[in-house]
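What you see is a predicted model; the values in this text were computed from it and never measured.
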Amino acid sequence: MSIRKLTAILARCCLLLVIVLVLGMIFVGWDPPPWLLFPPAVFVAAVLLIQGRRTAAALKGTTARTPVETGAPVSGRWTALNSPAPRTPVETGAPVSGRWTALNSPATKVPSHGIHSYGQTYAIDILAAPDPDPRPPFAMLWPLVRGNSHYPAFGAPVLAVADATVVQVLNGRRDHLTRTSLPALAWMMLIEAPLRESAGPSWIVGNHVVLDLGGGTYAMYAHLKQGSVTVAAGDRVRAGQRIAACGNTGNSTESHVHFQLMDGPDLDTARGIPFTWRGVGVPANGESFTPEPEATPAERLD
């Protein structure tokens, strides 16, 4: 087990301990000594800070839009080690068909979701956006929650972005009601999200599929509909093949597709990789797009 993996597990244990102690103080009247409460809280905060800084440091300078050209610092024949190779976006197909709108896009900011953990540096969220868009507006107070059937993304096909091998599948988490009001959103951010965080990444991403695209690149699809995954670990899939349906599982406010590329299949240790979708690029926040369908194997041979 790597140090990075072990640290992530210890951080979750400390977070769970902090949650239990705080709930005990509020509801049971516990009065834990400071040495029992503060060290685990400080450890969790330190892990998040250090991991974020290390990932940012690893990315610093590799995403510059215009490299600075200089002369070589030596003459003769040399061999390079520890070279800061630029992070060229990996081109894939889009994970959906039809008209969609981007949120939390790496075209708008990096890290796109505000954190580097779970390989989310270049992740993107997309919502189905037919014209006209029937999605209910965000509610200040009422209704507190809504059923998923009100949202056109729910049940929409999710597609393989490339020819790949399935390496990880989770299919049994239930689809919860939306968190599309201020009280429901506060509940998710203050109570639900920390509990999910302490339980591990699978409780954050919900039902998901991880594909091995080759070359050290993995694609992860999150928040999939319960029971909708049509593939299993070890299966080979073709670009454009339906592998699941959009759902509302895990740490999600409403039905949407969360997509990201990363350098490994383990969400505790993976680092994000930038992507670009053929014919689409990387849509910015609020930008709508309609990807071209992927060519079939027969069409690719023509």
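For the pair Trp142 (side chain) and Ala139 (backbone), a donor-acceptor distance under 3.5 Å is absent. In terms of modelled atom types and a separation under 3.5 Å, the side chain of Asp175 and the main chain of Gln226 share a donor-acceptor contact. Checking side-chain atoms of Asn207 against main-chain N and O of Arg173 turns up a donor-acceptor pair under 3.5 Å. The backbone N or O of Arg242 sits less than 3.5 Å from a side-chain atom of Thr230, completing a donor-acceptor pair. With Gln260 contributing its side chain and Gly119 its backbone, the two residues share a donor-acceptor pair below 3.5 Å. No donor-acceptor pair under 3.5 Å is formed between the side chain of Thr249 and the backbone N or O of Gly206. Under the 3.5 Å distance criterion, the side-chain polar atoms of Glu287 are matched with a main-chain donor or acceptor of Ala284. Judged by distance alone, with hydrogens and angles left aside, the side-chain atoms of Asp263 form a donor-acceptor pair with the main-chain N or O of Arg271 at under 3.5 Å. The main-chain N or O of Trp203 is found under 3.5 Å from a side-chain atom of Arg196 such that the two form a donor-acceptor pair. The backbone N or O of Tyr218 sits nowhere less than 3.5 Å from a side-chain atom of Asp212 that would complete a donor-acceptor pair.
Hydrophobic clustering keeps Val280 apart from Leu103 (ILVMFWY residues linked when any side-chain heavy atoms are closer than 4.5 Å, directly or through intermediates). There is a path of hydrophobic side-chain contacts, each under 4.5 Å, that joins Val209 to Ile126. Residues Phe275 and Val161 share a hydrophobic cluster, clusters being chains of Ile/Leu/Val/Met/Phe/Trp/Tyr side chains in contact below 4.5 Å. Phe138 and Val145 end up in different hydrophobic clusters when Ile, Leu, Val, Met, Phe, Trp and Tyr side chains are linked at under 4.5 Å. Cluster membership check: Val231 does not share its hydrophobic cluster with Leu159, using side-chain heavy-atom separations under 4.5 Å among Ile, Leu, Val, Met, Phe, Trp and Tyr.
At a cut-off of 3.5 Å, with distance as the only test, a side-chain donor of His113 or Asp125 sits close to an acceptor on the other residue. Between the side chains of Ser112 and Ser105, no donor-acceptor pair is found at a separation under 3.5 Å. Checking Arg146 against Ser181 by side-chain atom types alone, no donor-acceptor pair falls below 3.5 Å.
In plain terms, the two heavy atoms of Thr276 and Gly281 that are nearest each other are OG1-CA, 3.3 Å. Nearest heavy atoms, Ile124 versus Ala102: CD1-CB, 4.0 Å. Here the closest non-hydrogen pair linking Pro291 and Ala94 is CB-CB, 3.5 Å. For the pair Gly264 and Ala270, the tightest heavy-atom approach, listed with the atom from each and the gap, is O-CB, 3.5 Å. Across Val237 and Ala160, no two heavy atoms sit closer than the pair CG2-CB, 3.9 Å. Across all non-hydrogen atoms, the minimal contact from Tyr221 to Pro95 is CE2-CB, 3.6 Å.
Rounding to the nearest 0.5 Å places OG1 of Thr108 at 3.5 Å from CG of Asn285. Expressed to the nearest 0.5 Å, how far CG of Asp163 lies from CG of Leu213 amounts to 9.5 Å. The distance from the OG1 atom of Thr121 to the NE2 atom of His116 is 5.0 Å, given to the nearest 0.5 Å. Distance check, rounded to the nearest 0.5 Å: OG1 of Thr253 to CG of Asn248 gives 7.0 Å. Residue Leu190 holds its CG atom at 11.0 Å from CG of Leu195, rounded to the nearest 0.5 Å. Here the straight-line distance linking atom CE of Met140 with atom CG of Leu185 works out to 11.0 Å at 0.5 Å rounding.
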Exercise. Could you go step by step and tell me if Asn251 and Met188 meet the side chain to side chain contact (heavy atoms under 4.5 Å, CB included) rule?
Worked result: CA-CA 8 Å; Asn251 206 50; Met188 190 187 85; 3.8 Å; yes

Exercise. Asn148 and His176: side chain to side chain contact (heavy atoms under 4.5 Å, CB included), yes or no, with the steps?
Worked result: CA-CA 8 Å; Asn148 292 307; His176 55 72; 6.0 Å; no

Problem set entry | Chi angles and distances behind the side chain to side chain donor-acceptor pair (under 3.5 Å) call for Arg99, Thr290 | CA-CA 5 Å; Arg99 188 172 185 268; Thr290 303; 5.0 Å; no

For this session: Might you work through the side chain to side chain donor-acceptor pair (under 3.5 Å) test for His258 and Asn104, ending with a clear yes or no?
Result: CA-CA 10 Å; His258 173 108; Asn104 300 319; over 6 Å; no

For this session: Give the C-alpha distance, both sets of side-chain angles, the deciding distance and a yes or no for side chain to side chain contact (heavy atoms under 4.5 Å, CB included) between Trp277 and Val282.
Result: CA-CA 6 Å; Trp277 291 330; Val282 184; over 6 Å; no

For this session: Show your working on side chain to side chain contact (heavy atoms under 4.5 Å, CB included) between Tyr118 and Ile204 and close with a plain yes or no.
Result: CA-CA 9 Å; Tyr118 303 144; Ile204 293 290; 4.0 Å; yes

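At least one side-chain heavy atom of Val96 sits less than 4.5 Å from a side-chain heavy atom of Val257. The side-chain heavy atoms of Leu127 and Arg135, taken from C-beta on, include a pair separated by under 4.5 Å. No side-chain heavy atom of Thr88 sits under 4.5 Å from any side-chain heavy atom of Val90. For the pair Leu224/Cys246, no side-chain contact is recorded, criterion being any heavy-atom separation below 4.5 Å from C-beta on. Val210 places none of its side-chain heavy atoms less than 4.5 Å from the side chain of Val166. Side-chain contact check for Met220 versus Phe259: every heavy-atom pair is 4.5 Å or farther apart. Val205 is listed as a side-chain neighbour of Leu267, based on a closest heavy-atom distance under 4.5 Å. Residues Ser228 and Val158 are not in side-chain contact: their nearest non-hydrogen atoms beyond the backbone lie 4.5 Å or more apart.
Relative orientation of the His256 and His223 rings is tilted, given thresholds of 30° and 60° on the angle between their planes.
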